[in-house]
> 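Mind having a look at this structure? Questions to follow.
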Amino acid sequence: MKSSHLRWNDWLGLLLVGLAGQLAWAIENGQINLWVFSQTQDSSYINWMTTASAIAATVTTFFMGALSDRLGKRKIFITGGYCLWGLSVILFGLCSYENMKNAFPFWNASLMVGVCMVICDCVMTFFGSTANDACFNAYVTDITVPENRGKVESILSTLPLLANILMTGALMVFGASATLGENGSDLSLEESAKILAEPWFLFFLVFGLFVLLTGILSFFLLPKDQIKPNRERRYFSSLLYGFRPTVIKNNRRFYIALLTFMIFNTAIDAFLPYYMVYFQNSPANGGLGFSGEQIYLFYICLLVALVGASIITIVVGLFMDKVGRLWFLIPALLSSLIGYLLMYFASDPVLVTIAGLLMMSGYLIGTAVLGATLRDETPVNETGLFQGVRMIFVVMIPMIVGSNVSNLVFSFTGLSYEGETGTGLAPTKDMFLVSLIFMLLSLIPLYFLFSISKKEGKDLRKRA
């Protein structure tokens, strides 16, 4: 029987590998969106990347999660995957407007930036999903027990925000942004893209090397695999295991929690790919205009919201396992709903900070609760088999639906402008209303999750 006490090296491995992974995902989910917008001035390319990345991540986790179970290997996929993951991050910095124009002189440079970034994003996602989503995620389940998962999950759930805090600081240090602000409004796309390309390349180089180094260190930090190879089913048959009616029937709480998580994350992904561009883009194009000289004010607002949300989540995590995790999901959803509503009307830095704090606190706590619940309900020795199912509902569907619905809304706002490849779309505040609607919808499966827990005699006071 596994102990509920984790050793110091277990925590070090969890935190270092987890943080490096979240730094890479922060780049993939946020910073490259700024980078692409700086080189194309069109949010449609962001939607391309989000959709393609979601599909790549799910397919990768689907196959590699089952393979890691079958081989009884996690460590080799984590260490090797992180090294290649870091190298792929560095490639982003090479996909500049100027490089694309020189490499493909007979093609539209903005279009080629978008195409090359989609390809590079999918390559990065393959390595990242193999190392992090399929294997590190399963590794966390392998070494934890229900008695400590709430604590572990709440701490791990703060890593994405910690990563974003570090990313925000790095953007200030390197001077990387989506636009040049009012001072660059008279420059052509080619001129502004060239100015922004150098700081972005240095940004990707530094963090790519950090992820690569973490992959090397993880070889020495992570203990040997403790799981046994699971070859009871054929490999390709095991890929469909999580969709069998009998499996769904026998694990009802897992799938209802999965449905709740899917709608919850759809609300998150309705604004997450676009919010950094929205805050930095000019008011004439639907943004708030925190760019140029005001960019540091935006970064300060973001840092305050992220730090505050991280502290709140850590404090909640101390009580989560004792009081009952599901009870914390209701105030988390309410916090998100209020945050979305405030952000829709926000224009000054103070209200932006308050709305951001509420949004991110609800996001972190909700992710911790639902993530820990899924781990509890995952059958023992079949962790990898369920990672693909988890990715479809928690990552792929939310990223595709959330980003596409918001992008569709952008096309009806009338806030567009003529770019090199036609009409360019810019993110607007309406994405927060999309998030609000999806978050309200997540209350429906949550009701059934509470109901079935009560019928099955689950003690909500102790754990989910």
Side-chain angles (χ1 to χ4, degrees), residues 10-34 50 53-54 57 60-61 77-79 81-86 88-90 92 121 124-141 144 151-171 203-204 206-215 217-218 221-222 261 265 268-269 272-273 275-276 302-303 305-307 309-311 313-314 317 359-361 363-368 370-372 375 387 390-391 394-395 398-399:
D10 292 328
W11 278 110
L12 182 60
L14 285 172
L15 294 175
L16 180 61
V17 177
L19 177 60
Q22 292 305 326
L23 286 172
W25 283 139
I27 291 173
E28 198 266 351
N29 292 323
Q31 276 61 50
I32 62 170
N33 297 335
L34 292 175
T50 302
S53 175
T60 298
T61 306
F77 289 114
I78 295 173
T79 57
Y82 267 72
C83 290
L84 295 172
W85 201 6
S88 66
V89 170
I90 299 174
F92 287 151
D121 194 12
M124 175 200 178
T125 299
F126 171 77
F127 295 130
S129 292
T130 296
N132 192 271
D133 292 330
C135 296
F136 180 69
N137 197 33
Y139 164 79
V140 173
T141 303
T144 58
K151 181 189 297 182
V152 171
E153 201 69 34
S154 63
I155 292 175
L156 290 181
S157 71
T158 64
L159 295 182
L161 280 193
L162 177 58
N164 277 288
I165 291 171
L166 294 174
M167 289 292 104
T168 301
L171 291 177
F203 173 86
F204 290 126
V206 169
F207 284 100
L209 289 175
F210 177 76
V211 175
L212 189 154
L213 180 61
T214 299
L217 291 176
S218 67
L221 278 177
L222 299 181
F261 213 163
N265 270 359
I268 303 301
D269 288 318
L272 198 62
Y275 80 102
M276 293 287 280
L302 184 60
L303 283 173
L306 294 177
V307 171
S310 299
I311 293 173
T313 304
I314 291 174
M359 285 169 48
M360 293 303 177
S361 296
Y363 167 46
L364 281 184
I365 296 172
T367 299
L370 291 169
R375 294 191 195 283
Q387 295 310 310
R390 184 181 186 276
M391 283 294 294
V394 176
V395 176
M399 287 180 71

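Just so it is clear, the structure is predicted and the values come from calculations on it, not from any experiment.
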> Is the shortest heavy-atom distance from the side chain of Trp85 to the side chain of Leu212 under 4.5 Å?
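Of all side-chain heavy-atom pairs linking Leu212 with Trp85, none is under 4.5 Å.
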
> Could you tell me which non-hydrogen atom of Ile78 sits nearest to which non-hydrogen atom of Cys135, and how far apart they are?
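Heavy atoms of Ile78 and Cys135 come nearest at CG1-CB, 3.8 Å.
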
> If we ignore hydrogens and angles and just use 3.5 Å, is the side chain of Asn265 paired with the main-chain N or O of Pro398 as donor and acceptor?
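Checking the backbone N and O of Pro398 against the side chain of Asn265, no donor-acceptor pair under 3.5 Å is found.
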
> Rounded to the nearest 0.5 Å, what separates atom CD1 in Ile32 from atom CZ in Phe92?
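It is 4.5 Å, given to the nearest 0.5 Å.
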
> Return the minimal non-hydrogen interatomic distance between Phe136 and Leu14, and the atom names on each side.
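Where Phe136 meets Leu14 most closely, the heavy atoms are CZ-O, 3.6 Å.
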
> State, to 0.1 Å, how close Ile27 and Phe207 come at their nearest heavy-atom pair, and which atoms those are.
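That closest heavy-atom pairing would be CD1-CB, 3.7 Å.
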
> Quick check: do Val395 and Arg390 have side-chain heavy atoms less than 4.5 Å from each other?
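Counting from C-beta outward, Val395 and Arg390 never come under 4.5 Å.
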
> Rounded to the nearest 0.5 Å, what separates atom OG1 in Thr214 from atom CG in Leu16?
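Here the interatomic distance stands at 4.5 Å.
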
> Given side chain to side chain contact (heavy atoms under 4.5 Å, CB included), test Val89 with Phe210 step by step and report yes or no.
CA-CA 10 Å; Val89 170; Phe210 177 76; over 6 Å; no

> Can you measure from CG (Leu23) to CD (Gln31) and round to the nearest 0.5 angstrom?
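Taking CG in Leu23 and CD in Gln31, the distance rounds to 9.5 Å.
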
> Could you go step by step and tell me if Leu84 and Phe126 meet the side chain to side chain contact (heavy atoms under 4.5 Å, CB included) rule?
CA-CA 10 Å; Leu84 295 172; Phe126 171 77; over 6 Å; no

> State, with a plain yes or no, whether a side-chain heavy atom of Leu171 is found less than 4.5 Å away from one of Leu34.
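Yes, their side chains come closer than 4.5 Å.
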
> For the backbone of Ala131 and the side chain of Tyr82, can you confirm whether one donor and one acceptor N or O come within less than 3.5 Å of each other?
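Such a contact is absent between Tyr82 side chain and Ala131 backbone.
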
> Testing the basics here: between Gly13 and Leu222, what is the closest heavy-atom pair and its distance to 0.1 Å?
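In this case the closest contact between Gly13 and Leu222 is CA-CD2, 4.1 Å.
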
> After noting the C-alpha distance and the side-chain angles of Glu28 and Thr125, does the key distance pass the side chain to side chain contact (heavy atoms under 4.5 Å, CB included) rule?
CA-CA 8 Å; Glu28 198 266 351; Thr125 299; 3.5 Å; yes

> Mind checking the CD1-CE spacing from Ile268 to Met399? Nearest 0.5 Å is all I need.
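With rounding to 0.5 Å, CD1 (Ile268) is 13.0 Å from CE (Met399).
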
> Shortest non-hydrogen contact from Ser218 to Thr79?
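Smallest heavy-atom distance, with atoms named: OG-CG2, 3.0 Å.
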
> Among Phe127, Phe77, Trp25, Tyr139, exactly one meets side chain to side chain contact (heavy atoms under 4.5 Å, CB included) together with Asn132. Which residue is that?
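It is Trp25, the one option of Phe127, Phe77, Trp25, Tyr139 that forms the side chain to side chain contact (heavy atoms under 4.5 Å, CB included) with Asn132.
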
> To the nearest 0.5 Å, how far apart are CG in Leu166 and CG in Leu303?
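CG of Leu303 is found 9.5 Å from CG of Leu166.
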
> Which value, rounded to the nearest 0.5 Å, describes the distance between Leu156 atom CG and Asn137 atom CG?
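If we round to the nearest 0.5 Å, Leu156:CG and Asn137:CG are 9.0 Å apart.
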
> Do Asp269 and Thr50 pass the side chain to side chain contact (heavy atoms under 4.5 Å, CB included) test, and can you show the C-alpha distance, the side-chain angles, and the key distance before you say yes or no?
CA-CA 9 Å; Asp269 288 318; Thr50 302; over 6 Å; no

> Would you check if there is a donor-acceptor pair between the side chains of Thr60 and Thr130 at a distance under 3.5 Å?
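The answer is no; no qualifying pair exists.
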
> Closest heavy-atom contact between Cys83 and Gly215?
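It is SG-C, 3.9 Å.
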
> Taking the side chain as everything from C-beta on, heavy atoms only, tell me whether Thr313 gets closer than 4.5 Å to Met360.
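The answer is no, as the side chains (C-beta and beyond) never meet within the 4.5 Å cut-off.
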
> Checking the side chain of Asp121 only, and the main-chain atoms of Ser53 only, is there a donor and an acceptor separated by less than 3.5 Å?
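No; zero donor-acceptor contacts below 3.5 Å.
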
